[in-house]
Student: 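The structure under discussion is supplied below as structure tokens; questions concerning it will follow.
All ligand and atom numbering here is 1-based and tracks the order in the structure.
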Amino acid sequence: AGFLLHAAVALHQHFVRNQPPAYAGAVLSAQLQSLPIRLRGEARAIAHSPLTVQALAQGSDTERQNLVATLRGFYPELHEIQILSEDQAAGRSPIPGSLSTTQRKLIDALRERPDSTDAMTVERLSLRFSAPVRHPDDNRLLGFVLLARDLGDIQLLFAGTPLLDGYAELQQQDGNRFETLLKRGDESLKSVSAPRYTEISGTPWRLATWSAPGPTGLLADVRMSFVLVWAGLILLMALALALIYFYGNRALQDDLAALTKLFSDISHNRMRKSYNVQLEEVQPAYLIMYQLGKLMVGKHLAAVNSAGMDHLSQVHNRRSFDAKQREIYQQAKEGWPASLLILDIDDFKRVNDTYGHDAGDQLIIQFGKLLKERLRSSDFVARLGGDEFCVIFPNTPLKRAMELADRLRRSMPATVELAPGVMHALSWSGGLSEFSRHDQAENAALARADQALLEAKRGGRNRTQMKAA
Ligand SMILES: Nc1nc2c(ncn2[C@@H]2O[C@H](COP(=O)(O)OP(=O)(O)OP(=O)(O)O)[C@@H](O)[C@H]2O)c(=O)[nH]1
């Protein structure tokens, strides 16, 4: 909550702070205004000082120079202090250095108006003041005090004022036009907003300020922007909570699905290498179930194997087939006819590759089931491995076996469903042969059938080939 509050306030300030504070111009103009007032006060104080009166009334040039040196110590911010006698001002006696035109203008202005107490001129960033020095007893004009102040500190004032993102100029009036003395901020704002002028009374200056355009639309309203920022943050928080809830829930659902798969596999007597259980809380229970499941499935497979059954297709396994083959081989030696059909599912590998190993298993399971259902109960069905099955037809000569194989092919469904909605076109290739009393090996018939199967595959699959003894 603390973080959100902080974020809300920070964002809110960011939205509304673009405007320069309204007081910035007033503060600066008040400070500028005080400069001539202070200078005027200083000029008058020096003019009325008994030391100045005495230095001008009776003192020598050296005494005046000493007074000026003392005053410089008192007023370090003044860059010029001069005290002239009336004779020097009127040109009747010499002065150290010379008077500038401005200084002369100031003195003339005071002479023209005998009642005036001071005169001021403004040059580029410097103020000049002059005040007459009169004798306190008879008001006789003794001379003039001339002061000048370099306005370098205006620049400091100007640079230190909090105008923020605005733009400001200090302008000086020169007849009808205004000359720019100082600038500050982003000047490009002059083209996008109108200036606001603050006159600086007692000076020929004015302050012109241009504000950065404030926020527009809804955010222009301070209260509205605050509400919007809060609403945005609350929305974000709600979204974050929803996401945490969603993902937490999903992890639980995924784990339940994994456990369900584990139970289903155990009930089908098979196990995968691992099941994807994510939540730490579910892990211990899962590990116990996994170990128990492995034990149960292992025991079941051992039992089924020893019973001679293939655990997947539920037909006889290879070991059982070998025993049956031996038995039939012996019978064949005694003249009993028997045939053997090897069946291999077409394109089985593609089922594994396309739909996954589970779907492949499903095809093996269903194929085994179909063989048992469609064949006679006296026929012996076994899975030799992979997608390869074998049927032994006892007491059946080759010709009859061929009929049975054809009948089997016709009775098989065209498609099987490997998973909900996953249909697969079923086809198989067959190799048929018979047991013969002349065979030298138990698996001679199987080898012939294998060759016939190869021919069936080569011939384009989905057919049965026969190879007599
Ligand atoms: N799902 C599953 N696949 C198995 C099993 N045993 C063997 N396989 C796979 O079955 C495939 C058998 O390959 P093939 O018989 O060469 O392939 P096919 O697509 O039937 O080719 P053709 O017989 O020429 O039509 C191999 O990829 C084996 O990995 C099993 O128990 N379950």
Student: List below, pair by pair, the N or O atoms of ligand 1 and of the protein that are less than 3.5 Å apart, including the distance to 0.1 Å; reply 'none' if no pair qualifies.
Tutor:
residue	atom	partner	partner atom	Å
ligand 1	1 (N)	Asn352	OD1	3.0
ligand 1	1 (N)	His357	O	3.2
ligand 1	1 (N)	Asp361	N	3.3
ligand 1	1 (N)	Asp361	OD1	3.1
ligand 1	3 (N)	Asn352	ND2	2.9
ligand 1	15 (O)	Asp387	OD1	3.2
ligand 1	15 (O)	Asp387	OD2	3.3
ligand 1	19 (O)	Phe348	N	2.8
ligand 1	19 (O)	Lys349	N	2.7
ligand 1	20 (O)	Ile345	O	3.1
ligand 1	20 (O)	Phe348	N	3.1
ligand 1	20 (O)	Asp387	OD2	2.8
ligand 1	23 (O)	Asp344	OD1	2.8
ligand 1	23 (O)	Lys457	NZ	2.8
ligand 1	24 (O)	Arg461	NH2	2.8
ligand 1	25 (O)	Asp347	N	3.0
ligand 1	25 (O)	Lys457	NZ	3.1
ligand 1	25 (O)	Arg461	NE	3.0
ligand 1	31 (O)	Arg383	NH2	2.9
ligand 1	32 (N)	Asp361	OD1	2.7

Student: Pairs in or reaching into residues 369-411: which pass ring-ring contact (aromatic ring centres under 6.0 Å, His included), with residues at least two apart or in two chains?
Tutor: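 Listed once each, the pairs are His316-Phe380, Phe367-Phe389.
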Student: Taking all atoms of both residues into account, what is the closest heavy-atom pair of Ile345 and Asp387, and its distance?
Tutor: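 Closest pair (atom of Ile345, atom of Asp387, distance): O-OD2, 3.0 Å.
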Student: Show me the pairs that pass salt bridge (charged side-chain N to carboxylate O under 4.0 Å, His left out) and involve residues 309-323, at least two apart or across chains.
Tutor: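 Checked against salt bridge (charged side-chain N to carboxylate O under 4.0 Å, His left out) - neighbours excluded - the pairs reaching residues 309-323 are Asp310-Arg383, Arg318-Asp322.
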Student: Could you pull out every donor-acceptor pair under 3.5 Å between side chains of residues 290-304 and any protein atom, sequence neighbours left out?
Tutor:
residue	atom	partner	partner atom	Å
Tyr290	OH	Arg272	O	2.9
Tyr290	OH	Lys273	O	2.6
His300	NE2	Asn269	ND2	2.9

Student: Would you say the side chain of Gln278 lies within less than 4.5 Å of the side chain of Asp254, judging by non-hydrogen atoms?
Tutor: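 Sidechains of Gln278 and Asp254: in contact.
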Student: Mark yes or no for whether Thr396, through its side chain, and Pro394, through its backbone, hold a donor-acceptor pair below 3.5 Å.
Tutor: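 Such a contact is found between Thr396 side chain and Pro394 backbone.
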